[in-house]
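See structure below.
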Amino acid sequence: QIMEQGFRTERIPMKTKFGYSMGTMGDVIAFNFFYAYFIYYLTDFAGLPPVMAGIISMITVWFDAITDPIIGGLSDRSKNPKGRRGPFLIYGAILEYITLILMYTVMPIDSVAFKFVWYLIIGCSFWLGYTLFVIPFLALGAELTQDYEERNALSTFRGIFIYVASWFGTAGPMVVIAFVERAGIGEKWAWTIGAVVFGAIALIGAIICRVTINGKELIAGESNMKRESIGRILISYFGMLRYKAYRFYIYMVFVFCIAYTMEQGSLVYLMGNKLGLSAGLQSSYWTFFAVFSIVLLPLINRVCNKYGKLKGSAFFYLVATLGMFVCYFTQIPNYTILIVHCFCFCIANSVYWTIGYSMMFDTAEVMEFKNGTRDEGKVTGMGSFAQKLASSFGAWGLGMLLAFFHYDANAAVQAPETMSGFVKIAALFPGILLILTAVICIFNPLSREKFNLLMEKLAKKRAGEEVTDEGIENLF
């Protein structure tokens with residue numbers, strides 16, 4: 001069903017949910033491969049200092065943040081007869097695959113300056129391909145349904161694929177490394193082989209998604225067909241921040257993603273240096289992470305449907321924080337407590353990557369009520385901009401904290417201060433940020449009641465009736 005500026009409130013067919021969610025492979029595998037291992041790879045295999053590795057990660061993610069809103073705006077205004085979003089998916093997925101392989105290939109040149117420039121260029125190219133794919137992909141989620149609870153259901157279904165893909169991007173490389181090393185191939189090449197294998201899975205998922213959504217995109221109204229220069233697209237994003245409901249969403253994204261980046265990036269140091277876990281045991285951590293997350297998703301969906309996305313999310317963030325603080329005070333001395341920490345962070349992580357996106361979709365109607373256009377791409381692009389900007393600060397902060405706690409990649413055993421620092425980065429600092437994330441959700445004005453009233457008014461406005469913003473004025 002293709003509708004011009006129409007409401008879709010019917011249930012999404014399971015076939016469509018499955019095919020669309022397969023696109024998550026193209027998103028999450030690459031995303032997790034970068035955030036879990038890129039800094040580690042640069043410091044321990046490419047031979048770059050931790051601070052320099054953190055700077056590379058920060059700059060490349062900044063580049064990605066800048067391109068997010070541009071791609072979002074371009075896809076909103078695209079006149080491609082094959083769809084506004086679809087053609088972007090394939091181009092982006094191919095570029096993402098090629099550059100992922102190059103990112104995890106050591107150049108046979110010892111110059112630190114050359115390596116810095118090389119990995120900086122490849123990292124920026126990787127994020128360009130990722131953006132070309134993921135921004136139109138996520139924008140499609142807001143187009144497939146405009147129903148409050150069905151958006152939760154779609155995000156939850158996609159969440160299952162998120163954590164399967166997360167396993168491929170986190171545990172997968174460790175499984176490949178263990179297998180390749182047993183075959184007598186060096187660990188450096190094992191990382192390249194891992195990128196080839198899991199990058200291919202990401203590419204296949206992107207292709208399946210593209211085929212599935214063909215013909216299912218919303219046809220935008222005439223107001224969406226006006227050409228805009230890149231400059232005007234970027235300027236228009238400042239106008240989006242006028243909307244209170246959208247600002248609160250951006251605040252939540254920014255704070256959570258700093259916590260996420262620090263926690264995820266620190267784990268490989270915590271597991272490898274403090275706990276001395278083998279590659280196989282490290283991969284088992286990510287298996288637990290995926291299983292815990294998938295098990296939690298139905299509960300999260302049910303609670304957020306019953307009590308609303310905002311109250312439900314705040315509750316889960318606070319529960320996760322409590323658990324992470326307990327783990328911090330134990331100093332995560334063994335594998336068992338590490339898995340407890342894993343479960344606690346999974347609670348917050350599962351909420352953000354499912355219900356968080358459903359919150360983002362809801363803001364598209366807030367903006368349509370005021371400006372009359374469907375700008376899912378811009379809504380997604382700005383959200384992703386905030387996500388990447390925050391992640392770049394998180395990655396930079398991780399590199400700086402590793403240096404502050406005197407991490408030495410060449411040391412056989414790290415100092416006690418460094419070991420304690422790993423725990424602070426993995427549990428204490430992210431826990432503090434999760435409290436702030438919960439507070440932001442509590443004060444976000446876009447509740448279920450406000451959203452339903454907004455949709456009633458928007459339906460009348462689309463029908464040509466005169467409406468006011470009485471009762472929903474605090475959304476703006």
Q. What distance separates Ser293 OG from Trp167 CH2, expressed to the nearest 0.5 Å?
A. 14.5 Å
Q: Would you confirm whether the ring centroid of Phe137 sits within less than 6.0 angstrom of the ring centroid of Tyr20?
A: yes
Q: Give, for atom CD1 of Ile162 and atom CZ of Phe31, the distance between the pair rounded to the nearest 0.5 Å.
A: 10.5 Å
**Q.** Which atom of Tyr407 lies closest to which atom of Pro50, heavy atoms considered
**A.** CD2-CG, 4.3 Å
Q: In sequence, state the C-alpha distance, the side-chain angles, and the governing distance for Tyr130 and Leu100, and then conclude on side chain to side chain contact (heavy atoms under 4.5 Å, CB included).
A: CA-CA 10 Å; Tyr130 177 86; Leu100 181 67; over 6 Å; no
Which pairs would a plain distance check flag for residues 351-360, meaning a side-chain donor or acceptor within less than 3.5 Å of a matching protein atom at least two apart in sequence or in another chain?
residue : atom : partner : partner atom : Å
Tyr352  : OH   : Gln387  : OE1          : 3.4
Trp353  : NE1  : Asn349  : OD1          : 2.8
Thr354  : OG1  : Ser350  : O            : 2.5
Tyr357  : OH   : Gln387  : OE1          : 3.2
Ser358  : OG   : Asn152  : OD1          : 2.7
Ser358  : OG   : Lys309  : NZ           : 2.8

(Q) Could you check whether any side-chain heavy atom of Leu297 comes within less than 4.5 Å of a side-chain heavy atom of Tyr163, counting everything from C-beta outward? (A) yes
Q. Taking all non-hydrogen atoms of both residues, which atom of Val112 and which atom of Met52 are closest, and how far apart?
A. CG1-SD, 3.5 Å
Q. Between Ile258 and Phe429, is any pair of side-chain heavy atoms under 4.5 Å apart?
A. no
Q) Which atoms form the tightest heavy-atom contact between Val28 and Ser166, and what is the distance? A) CG1-OG, 3.3 Å
Q) Do the charged groups of Glu365 and Arg151 touch, with an N to O distance under 4.0 Å? A) yes
**Q.** Sub-4.5 Å side-chain heavy-atom contact between Val164 and Met25
**A.** yes
Q) Do Val134 and Leu138 touch side chain to side chain, with heavy atoms closer than 4.5 Å? A) yes
(Q) Please report whether the ring centroid of Phe38 lies less than 6.0 Å from that of Phe34. (A) yes
Without placing hydrogens or testing angles, list every side-chain donor-acceptor pair under 3.5 Å for residues 114-129, not counting sequence neighbours.
residue : atom : partner : partner atom : Å
Lys115  : NZ   : Ala46   : O            : 2.8
Tyr119  : OH   : Thr105  : O            : 2.8
Ser125  : OG   : Ile121  : O            : 3.0

Q: Decide side chain to side chain contact (heavy atoms under 4.5 Å, CB included) for Val366 and Leu446; before the verdict, give the C-alpha distance in whole Å, the side-chain angles of both, and the deciding distance to 0.1 Å.
A: CA-CA 9 Å; Val366 173; Leu446 190 52; 4.1 Å; yes
Q) Within a reach of under 6.0 Å around CZ of Phe45, are more than 12 heavy atoms found that belong to other residues, nucleotides or ligands? A) yes
Q: Could you check if a side-chain atom of Tyr37 sits within less than 4.5 angstrom of a side-chain atom of Pro173, using non-hydrogen atoms only?
A: yes
Q. If you measure from the Lys or Arg side-chain nitrogens to the Asp or Glu carboxylate oxygens, is any gap between Glu150 and Lys17 under 4.0 Å?
A. yes
Q) Just by distance, do the side chain of Ser57 and the backbone of Ala53 share a donor-acceptor pair under 3.5 Å? A) no
Q: Give a yes or no on whether the backbone of Ala142 and the side-chain of Glu376 come within a donor-acceptor separation of less than 3.5 Å.
A: no
Q) Can you list the residues that meet the salt bridge (charged side-chain N to carboxylate O under 4.0 Å, His left out) rule with Asp27, with sequence neighbours excluded? A) none
Q) Quick one: does Tyr246's side chain have a donor or acceptor within less than 3.5 Å of a partner on Met240's backbone? A) no
Q) Within the side chain of Thr43, is there an N or O that forms a donor-acceptor pair under 3.5 Å with the backbone of Tyr40? A) yes
All N/O donor-acceptor pairs, side-chain side in residues 86-99, below 3.5 Å, sequence neighbours left out:
residue : atom : partner : partner atom : Å
Tyr97   : OH   : Val196  : O            : 3.1
Thr99   : OG1  : Leu95   : O            : 2.8
Thr99   : OG1  : Glu96   : O            : 3.2

Q) Considering the options Val291, Val295, Leu296, which one meets the side-chain contact (heavy atoms from CB on, under 4.5 Å) requirement together with Phe343? A) Leu296
Donor-acceptor pairs under 3.5 angstrom involving side-chain atoms of residues 263-273: please list them, not counting sequence neighbours.
residue : atom : partner : partner atom : Å
Ser266  : OG   : Met262  : O            : 3.1
Ser266  : OG   : Glu263  : O            : 2.9
Asn273  : ND2  : Tyr269  : O            : 3.3

Q.
Quick check against the 3.5 Å criterion: does Arg247 have a side-chain atom that pairs as donor or acceptor with the backbone of Leu241?
A. yes
(Q) I want to check something: taking the side chain as every heavy atom from C-beta on, are Phe393 and Phe254 in contact at a cut-off of under 4.5 Å? (A) yes
Q | Heavy-atom pair with the smallest gap, counting every atom of Leu338 and Leu275 | A | CD2-CD1, 3.9 Å
Q.
Minimum heavy-atom separation for Tyr249 and Gly383, please, with both atom names.
A. CE2-CA, 4.1 Å
Q.
Just so I know, are the side chains of Phe157 and Phe18 near enough to count as touching, which here means a heavy-atom distance under 4.5 Å?
A. yes
**Q.** Near-ring test Tyr285/Phe288, centroid separation under 6.0 angstrom
**A.** no
Q: Would you tell me whether Arg85 and Ser75 have side-chain atoms, one donor and one acceptor, within less than 3.5 Å of each other?
A: yes
Q: Please round to the nearest 0.5 Å and tell me the distance separating atom CZ of Phe133 and atom SG of Cys209.
A: 5.5 Å
Side-chain atoms of residues 394-403: list all donor-acceptor pairs with protein atoms under 3.5 Å, sequence neighbours left out, distances to 0.1 Å.
none

Q: List the steps, then state whether side chain to side chain contact (heavy atoms under 4.5 Å, CB included) holds for Val176 with Phe198.
A: CA-CA 10 Å; Val176 169; Phe198 296 108; 3.5 Å; yes
(Q) Return the CZ to OH distance between Phe33 and Tyr41, rounded to the nearest 0.5 Å. (A) 9.5 Å
Q) If you look at every heavy atom in Gly381 and Asp68, which pair is closest and at what distance? A) O-CB, 3.4 Å
(Q) Please report the interatomic distance CD1(Ile207) to OG1(Thr212), rounded to the nearest 0.5 Å. (A) 11.5 Å
Q. Hey, what do you get for CH2 (Trp191) to CG (Asp44), rounding to the nearest 0.5 Å?
A. 9.5 Å
Q. Can you find a pair of side-chain heavy atoms, one from Asp147 and one from Glu149, that are under 4.5 Å apart?
A. yes
(Q) Before you tell me yes or no, could you show the steps for Cys304 and Ser313 under side chain to side chain contact (heavy atoms under 4.5 Å, CB included), namely the whole-Å CA-CA distance, both residues' side-chain angles and the distance that decides it to 0.1 Å? (A) CA-CA 7 Å; Cys304 289; Ser313 295; 4.3 Å; yes
